[in-house]
Amino acid sequence: MIKSFLFMAIAAPAFSQPIVIAHRGACGYLPEHTLAAKALAQAMGADCLEQDIVLTKDDVPVIMHDINLDTVTDVAVRFPDRKREDGRYYALDFTVAELKQLHACERFNPKTGKAVYPNRFPLGQSSFQLVTLEEELQFIQGLNRSTGRAAGIYPEIKQPGWHRKQGHDISAIVLPILVKYGYKTKQDDCWVQCFELEETQRIRNELGWQGRLVQLIGGGKKDEALLTPEGLAEIAKVADGIGPSIGSVVTGKTVADRHITTLVKDAHLAKLVVHAYTLRIDELPKCTATPEELMHALFDEARVDGLFSDFPDVVVKWLRKAP
Ligand code: CA
């Protein structure tokens, strides 16, 4: 009894209402990271809208999941001679004015030309553009004002190590823009996220970021050490939370074999909140048969504090019904 009371006291911030993070916007319904996908997610009641951020040649932060352009735009058709030796097209090789000439679309495999998620928004239909970070922040803040419903932001600094090797310091460019738009402290509705722990440490210790910070943790062998109590203690020195894959929280090869790991409990003991990624109703893990079963395991059993989803409405609806 005393033990459980102490645990709750220590982990108190983790037990507030879980949040729904619209992964790349409501990308289950509209092409990822388009303003349309962000508007839909905002209207669906997502608490936070996610931004993945990469730089252009002229150091303008743009909202894209990959450093490459060829999986979500028509760059190969419009600029066929601009690929690198590896056959890929990089946002960093184009100015923002050039990127604005591209059509953005549903994610596809450049080798086959086929959509990655065949039942989502039709590939190549209608018209969408890549968006700069400032355009996106203005859009979200404008929408928050006109609807009277405030959605937060959840910006990810993509591949900072790679950017720096190419001579571009992405964090040093992105953070002042967040500050300019009013995201400065832990009271502001913004979670900065990054997969590279060294960069998370640098963001906090060297670049002076005072807002919330989340350490993302990959599902592979490379990041296993971060999932241990020792790894979490190291993260807690600089970050407010972790973003692990769903598979690090709920695991099992079959539904019968499903079990909850100790990760969320360990993270809460380290005073870290846990925002797991990513619920896709068209790509469920093997250990759950339905999205509801997965959400029950994540929220009721594991007690995660937030969930990224391509389908934010599904999570919002489930949480509203939850006791
Ligand atoms: Ca992301």
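Position 1 is the first residue of the sequence, and the numbers go up from there. Hydrogens, waters and symmetry mates play no part in the numbers below; they use all other heavy atoms, side chains included. Just so it is clear, the structure is predicted and the values come from calculations on it, not from any experiment. Numbering of ligands and ligand atoms starts at 1, following listing order.
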- [ ] Taking atom NZ of Lys286 as the centre, report whether more than 12 heavy atoms of other residues, nucleotides or ligands fall under 6.0 Å from it.
- [x] no
Task: Derivation and outcome, side chain to side chain donor-acceptor pair (under 3.5 Å), residues Asn144 and Gln42 - done: CA-CA 8 Å; Asn144 284 349; Gln42 203 271 7; 3.1 Å; yes
TODO: In sequence, state the C-alpha distance, the side-chain angles, and the governing distance for Tyr181 and Glu134, and then conclude on side chain to side chain donor-acceptor pair (under 3.5 Å).
DONE: CA-CA 8 Å; Tyr181 282 86; Glu134 290 210 59; 2.5 Å; yes
TODO: For Gln210 and Thr185, test the side chains for any donor-to-acceptor distance below 3.5 angstrom and give the result as yes or no.
DONE: no
Open item on the list: I'd like to verify the contacts: list protein N, O or S atoms under a distance of 3.0 Å from the Ca ion (ligand 1).
Closed with: Glu50 OE2, Asp52 OD1, Glu156 OE1
- [ ] Start with the C-alpha distance between Tyr90 and Arg82, add both sets of side-chain angles, then the distance that settles side chain to side chain donor-acceptor pair (under 3.5 Å), and finish with yes or no.
- [x] CA-CA 9 Å; Tyr90 291 76; Arg82 299 279 292 278; over 6 Å; no
Task: Distance flag, aromatic centroids of His275 and Trp191, threshold under 6.0 Å - done: yes
